[in-house]
Amino acid sequence: MEYKNFTTFKVEIDNGIAWVTFDFAPVNVQGLPMLADLNQLSQKLEADKQVKVVVFQSAHPEIFVAHADTNFLKDMSGRAVSRDEVKLLDLQVVLERISKLPQATIAKIEGFARGGGHEFALACDMRFAARGKAKFMQMEVGMGILPCGGGASRMARQTGLGRALEIVLGARDFDADEAEAYGTVNRALDADEIGPFVEDLARRIALWPSESINATKQAVYESIDLPIADALRAEAYWLYQATSQTAALKRFEWADGLGAQFDMDNQRTWPDMLVKVQEINN
């Protein structure tokens with residue numbers, strides 16, 4: 001699978017990880033060219049089982065991804081429409097596609113991520129922000145609209161209703177530590193720590209079967225809005241999707257047959273043993 005001919009970012013594949021580096025002068029604005037590139041990237045990733053993790057980062061020293069390009073926002077209809085007439089915006093469609101990728105997606109944020117750039121980060125599975133560099137904002141309410149790339153709906157799922165409304169209606173910058181406290185990023189890390197941390201996490205996830213990564217994602221996302229009984233059924237469903245496509249049963253047979261699970265030394269070294277068990281395949 002080739003990952004070339006993108007105009008707003010570059011892609012490097014390394015040991016099951018796609019490193020996607022936004023580089024769209026002058027400010028990584030989120031316009032139609034970027035949405036087209038992200039759509040094309042998603043199409044490739046959806047069919048590529050060799051890539052297990054996607055890390056989004058930026059070549060710009062101060063910006064992760066900027067807000068949505070006002071060139072296409074200014075052409076929006078000024079007429080109110082009924083719910084029956086509403087169609088999803090291009091930004092919503094593309095970011096939803098990013099959120100549903102079978103790979104684990106990580107946003108490594110070392111600069112401004114405002115408006116649509118923040119919404120892009122929220123569409124990723126995990127977000128890590130650099131202290132002293134990352135800044136977040138949803139400015140749309142001050143422009144007379146509202147976040148329209150998932151910034152209202154995904155934010156509330158991350159933070160709860162009150163915090164989401166504080167962020168959106170306050171329309172102010174907040175930094176990496178505030179984002180961690182709000183729950184919009186997984187962790188705030190020092191600027192010299194974020195690179196090694198994200199790389200180590202991405203490389204560890206890339207060790208696991210692509211099918212179990214995807215099944216885990218689907219079960220987690222599917223369960224968000226379900227009653228617990230239905231959520232547990234979803235877990236069971238995705239469990240069987242994983243066991244039918246991976247070497248899980250062989251690995252459990254090994255653990256049981258050799259008594260490995262009852263060995264106290266193995267209990268103490270599960271993180272390392274989990275890496276070694278990847279050698280057992282169908």
Side-chain angles (χ1 to χ4, degrees), residues 8-9 20 22 28-43 45-46 54-58 63-70 72-73 76 81 83 86-109 112-129 134-174 178-180 182-186 217-218 220-226:
T8 61
F9 52 70
V20 180
F22 290 105
N28 284 348
V29 73
Q30 190 187 60
L32 292 177
M34 185 177 289
L35 295 184
D37 276 355
L38 288 171
N39 204 41
Q40 183 183 356
L41 175 68
S42 297
Q43 184 177 27
L45 289 170
E46 287 161 356
V54 186
V55 178
F56 294 98
Q57 58 188 2
S58 174
I63 293 180
F64 173 64
V65 175
H67 50 78
D69 191 345
T70 57
F72 64 78
L73 289 176
M76 292 173 63
V81 299
R83 288 183 183 270
V86 169
K87 295 181 179 179
L88 291 183
L89 306 173
D90 289 343
L91 177 60
Q92 292 174 316
V93 171
V94 172
L95 295 191
E96 178 67 359
R97 193 171 188 181
I98 291 290
S99 76
K100 290 183 174 179
L101 286 173
Q103 293 84 5
T105 55
I106 299 173
K108 186 175 77 168
I109 305 161
F112 303 146
R114 297 188 177 113
H118 187 210
E119 291 174 307
F120 173 82
L122 290 171
C124 294
D125 299 325
M126 293 163 273
R127 292 156 294 285
F128 300 93
K135 286 287 180 67
F136 305 92
M137 177 195 252
Q138 295 294 157
M139 75 286 284
E140 292 85 353
V141 67
M143 299 296 291
I145 57 171
L146 75 160
C148 50
S153 51
R154 287 196 179 92
M155 187 110 58
R157 285 168 166 79
Q158 291 294 133
T159 68
L161 295 176
R163 280 280 169 80
L165 288 167
E166 176 188 343
I167 291 167
V168 174
L169 295 179
R172 66 171 184 85
D173 271 350
F174 57 100
E178 287 179 282
E180 182 183 68
Y182 283 152
T184 54
V185 301
N186 293 59
K217 277 190 60 167
Q218 301 308 322
V220 169
Y221 282 117
E222 187 177 332
S223 70
I224 289 174
D225 296 319
L226 295 177

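Bear in mind the structure is a predicted one, so any value in this text is a computation, not a measurement. The residues of the chain are indexed from 1 along the displayed sequence.
Among all heavy-atom pairs drawn from Thr105 and Cys124, the shortest one is OG1-CA, 3.4 Å. Here the closest heavy-atom approach between residue Leu91 and residue Gln30 is recorded as CD1-OE1, 3.4 Å.
Take Ser58 and apply the side-chain hydrogen bond (donor to acceptor under 3.5 Å, both in side chains) test, not counting sequence neighbours, and it matches Asn28. Listed by chain and number, the residues in a salt bridge (Lys or Arg N to Asp or Glu O under 4.0 Å) with Arg114 are Asp173 (sequence neighbours excluded). Residues satisfying the side chain to side chain contact (heavy atoms under 4.5 Å, CB included) criterion with Val93, sequence neighbours excluded, are Leu88. Annotation: salt bridge (Lys or Arg N to Asp or Glu O under 4.0 Å) contacts of Glu96 (sequence neighbours excluded): Lys100, Arg154. Taking Thr159 as the reference, nothing meets the side-chain hydrogen bond (donor to acceptor under 3.5 Å, both in side chains) condition, with sequence neighbours excluded. Legend: residues meeting salt bridge (Lys or Arg N to Asp or Glu O under 4.0 Å) with Asp125, ordered by chain and number and at least two apart, are Lys217. Take Glu180 and apply the side-chain hydrogen bond (donor to acceptor under 3.5 Å, both in side chains) test, not counting sequence neighbours, and it matches no residue. In this structure, the salt bridge (Lys or Arg N to Asp or Glu O under 4.0 Å) partners of Glu178, at least two apart in sequence or on a different chain, are Arg172. Not counting sequence neighbours, the partners of Asn39 by the side-chain hydrogen bond (donor to acceptor under 3.5 Å, both in side chains) test are Arg97. The side chain to side chain contact (heavy atoms under 4.5 Å, CB included) test applied to Ala156 returns Leu161, Ala164, not counting sequence neighbours. In this view, Ser223 and Ala231 satisfy the side chain to side chain contact (heavy atoms under 4.5 Å, CB included) rule, not counting sequence neighbours.
Under the 3.5 Å distance criterion, the side-chain polar atoms of Gln158 are matched with a main-chain donor or acceptor of Gly183. Remark: side-chain polar atoms of Gln138 are not paired, donor with acceptor, to backbone N or O of Gly151 under 3.5 angstrom.
Residue pairs meeting the ring pair (Phe, Tyr, Trp, His ring centres under 6.0 Å) criterion with at least one member in residues 150-174, sequence neighbours excluded, are His118-Phe174, Phe136-Phe174, Phe174-Tyr182.
Looking only at side-chain heavy atoms (C-beta outward), Phe56 and Phe9 stay at 4.5 Å or farther from each other.
Atom CD of Gln43 is surrounded by 12 or fewer heavy atoms from other residues, nucleotides or ligands within 6.0 Å. Within 6.0 Å of atom CG in Asp90, 12 or fewer heavy atoms from other residues, nucleotides or ligands are found, so the atom counts as exposed in its surroundings.
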